[in-house]
Amino acid sequence: MDNRLLNSALSGYRIKDGDAATRETPTRPSGQAISLSGRCKQCSGYLLSKQYDSGHVAKLLNRNYTQGVCREGDRYRFTLYSEHASAVTLCLYENNREETFPLEQSGTLFSTTVKTSPGTAYAYRLDGPHDPGQGLFFNPSRLLLDPFGRELARPALLKGVDLPLYFGFEETTDNVNFAALSRIPEEQNYPVTPGPGIPQEAMIIYELHVRGFTRINAHLPRELRGTFAGLAHPESIAYLTGLGVTSVELLPIFYFGIEPFLLKRGLTNYWGYNPVSFFCPHPTYAAGRNATLEFVQTVNALHDAGLEVILDVVYNHTAEGEAEGPMLSFRGIDNRVYYRTLPENRYQYYNAAGCGNTLQTEHPQVRHLILESLRHWAQLGVDGFRFDLAPVLGRFEGNFREDHPLWLEMKADPLLSTRKLIAEPWDAYPDGYRLGQCPPQFLEWNDRYRDGVRRFFLADPEIALDFQARVAGSADLNLDKKSINFLAAHDGFTLRDLLSYTEKHNEANGEENQDGSNHNHSQNFGVEGATADFSIIEQRRSAARAMLGTLFFSRGIPMIQAGDECGRTQQGNNNAYCQDNEINYFDWTHRDEELEAFVRETIARRREYLDCIQQGNYTWFSPSLEAVADLACFCLVEHENICKMIFLFNGRPEKAFFQLPVMDDSPGWDCLLSSDGNPVRRPGGTDFSVPARTMQVYSLWKRS
């Protein structure tokens with residue numbers, strides 16, 4: 001290694017212990033010293049480490065410039081950030097020809113103004129040190145996507161491309177024919193319809209995949225199936241509103257890439273948790289040419305129908321993966337800025353996301369990127385965000401911090417602070433499980449709820465007390481009124497498969513069934529998979545109704561995976577991330593309409609008794625009104641000092657006998673909902689039997 005070259009290239013770094021490059025603390029002007037996690041008075045940006053001085057952060061976070069492209073009169077300004085590049089070239093593509101323009105450097109910013117027109121495609125080439133051992137991958141033969149580009153002119157072309165050429169960061173053959181290109185936006189301001197402003201406690205979340213939800217819906221025009229426009233179609237919206245959900249949570253819609261190992265297997269990335277751009281919609285989700293406009297129109301249509309839009313966002317890693325992965329954007333622009341590299345070997349990355357690399361949110365530029373991306377989508381009408389592997393975003397040198405600047409900046413932002421924020425509270429670090437520990441502004445996915453309800457209804461005798469805590473809001477986990485309750489999500493079995501398979505069946509993924517979780521708490525009721533046995537079918541349906549009824553009458557915010565309300569199956573695949581086919585698509589033809597009707601009724605009942613569910617006091621009893629400790633129990637719910645409701649649960653594999661309490665001001669109890677389909681008015685103090693795996697809801701019997 002030539003340390004003279006490295007010293008020159010790093011500019012502000014020093015070499016220590018031979019190979020490790022560490023940031024030298026800059027000298028600050030008098031009166032501008034900033035303590036750990038202090039607030040910069042110049043730019044209101046939060047600091048995590050003394051390695052970044054106030055002037056550096058102010059330059060990054062002030063609002064006097066825009067990275068990416070912005071219009072200035074009849075010209076456009078292009079701005080790119082890189083700490084280690086020696087030169088940046090803008091490449092414009094219009095009318096099948098290329099024009100190049102050198103960018104002028106001012107510290108860490110490179111910029112130029114060019115007279116061009118909306119719709120013009122562009123990308124960058126960067127010169128600088130190429131020293132992978134020090135985490136520097138500059139290669140001017142690689143055409144790179146603008147990290148702040150708002151629209152996509154062309155995705156990376158993979159068909160017919162020599163994959164080693166595409167992925168090799170050492171390759172010097174020009175990639176102009178297959179690199180992804182940004183596009184100057186044709187519109188600067190899109191008309192946005194305000195969201196419905198659903199109160200947090202009233203939310204009912206419906207998790208769906210844009211492509212999968214409408215891909216094989218024969219009631220839609222063929223050209224709209226699998227697109228934003230298909231989701232915005234009146235047929236789709238009528239289904240959602242008829243079901244009664246309030247908030248549509250979309251699996252990732254950012255432009256995403258395909259992992260090298262999937263390409264080699266002839267598979268694809270279907271879920272989309274592999275982002276290339278944090279601003280551009282995925283191009284195949286658009287029926288028309290302008291994906292951003294189509295997305296906004298879809299959001300507006302959902303808003304007009306009273307539905308919120310929540311985006312599942314991935315800011316923990318990118319599609320560039322590990323060092324041997326593709327060079328698409330960030331790695332070639334400034335690998336050492338955007339990614340967390342190992343101090344002892346800058347060629348390697350921290351892998352807190354389990355996907356090859358981890359974005360370095362300690363760095364103000366990375367936080368600026370994330371915050372600008374969030375603001376961009378919020379300005380397009382998005383009502384909230386669900387953060388994939390959220391603890392990754394709050395790590396500093398591997399350690400999780402509740403006072404991480406990114407959290408503080410999001411909370412302080414006037415726009416983002418009005419949006420709903422949801423955390424998936426775990427990551428791939430050994431200490432990555434952070435349920436109940438995310439910042440106060442976040443709702444949290446509660447996998448303890450998922451597992452507790454599954455185990456209760458599938459006959460685990462050790463789970464009764466835990467089940468009761470989950471139904472009552474998980475206050476023991478610091479989640480009361482913050483818990484996102486769910487039975488199933490995209491990652492894992494569908495609800496139907498949970499009740500049809502004891503083992504995962506992921507052979508189609510090409511990993512010899514080694515992928516996906518082995519801990520599903522599932523039950524097949526005697527037959528693995530599909531069966532014609534009516535008795536088994538009825539047991540499965542009964543359990544599904546009981547679990548769904550429990551979900552919607554638990555304190556917290558319920559979330560249902562698209563298709564679980566009507567019996568969708570993935571044929572036992574509990575990790576269908578790479579299956580862009582009928583395994584994942586919403587099956588509109590073979591819906592269980594009885595189960596669907598039960599869900600509609602249950603949601604309607606939840607809305608009717610929402611205050612009692614969310615605000616009431618929960619007291620638990622055994623079937624005989626004694627202390628409770630097994631799989632048959634009921635919960636007395638009081639609100640405003642009045643006994644309002646009873647939730648009754650039998651998680652046993654056989655019937656149980658119950659006795660409801662006698663109330664002085666009522667002769668008995670009306671059954672509002674019964675998962676066995678047999679609601680009966682019952683007097684207090686009389687024994688009655690309840691079938692196996694049943695959930696019922698009662699309200700006080702009102703005298704006529």
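Keep in mind that the numbers below use all heavy atoms, side chains included, and drop hydrogens, waters and symmetry copies.
Take P679 and apply the side-chain contact (heavy atoms from CB on, under 4.5 Å) test, not counting sequence neighbours, and it matches C671, S674. Listed by chain and number, the residues in a side-chain contact (heavy atoms from CB on, under 4.5 Å) with A489 are E207, W445, F486, M559 (sequence neighbours excluded). Taking the salt bridge (Lys or Arg N to Asp or Glu O under 4.0 Å) definition, one finds that E596 meets it with R591, R600, sequence neighbours left out. With sequence neighbours excluded, no residue satisfies side-chain hydrogen bond (donor to acceptor under 3.5 Å, both in side chains) with R419. Taking the salt bridge (Lys or Arg N to Asp or Glu O under 4.0 Å) definition, one finds that R448 meets it with D466, sequence neighbours left out. Evaluation of the salt bridge (Lys or Arg N to Asp or Glu O under 4.0 Å) rule for R606 yields no partner, not counting sequence neighbours. Looking at residues two or more places apart in sequence or on another chain, you find a side-chain contact (heavy atoms from CB on, under 4.5 Å) between A475 and D480. For F552, the ring-ring contact (aromatic ring centres under 6.0 Å, His included) criterion is met by no residue, not counting sequence neighbours. Under the rule for a side-chain hydrogen bond (donor to acceptor under 3.5 Å, both in side chains), Q297 has no partner lying at least two apart in sequence or in another chain. Listed by chain and number, the residues in a side-chain contact (heavy atoms from CB on, under 4.5 Å) with S500 are R496, R540 (sequence neighbours excluded).
A salt bridge links E424 to R386: at least one charged side-chain nitrogen sits closer than 4.0 Å to a carboxylate oxygen.
Residue pairs satisfying the ring-ring contact (aromatic ring centres under 6.0 Å, His included) criterion with at least one member in residues 670-689, sequence neighbours excluded, are absent.
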Please tabulate, for the side chains in residues 236-243, all donor-acceptor contacts under 3.5 angstrom to protein atoms that are two or more places apart in sequence or on a different chain.
unit_1: S236; atom_1: OG; unit_2: G230; atom_2: O; d: 2.7
unit_1: Y239; atom_1: OH; unit_2: E565; atom_2: OE2; d: 2.5
unit_1: T241; atom_1: OG1; unit_2: I237; atom_2: O; d: 3.0
unit_1: T241; atom_1: OG1; unit_2: A238; atom_2: O; d: 3.2

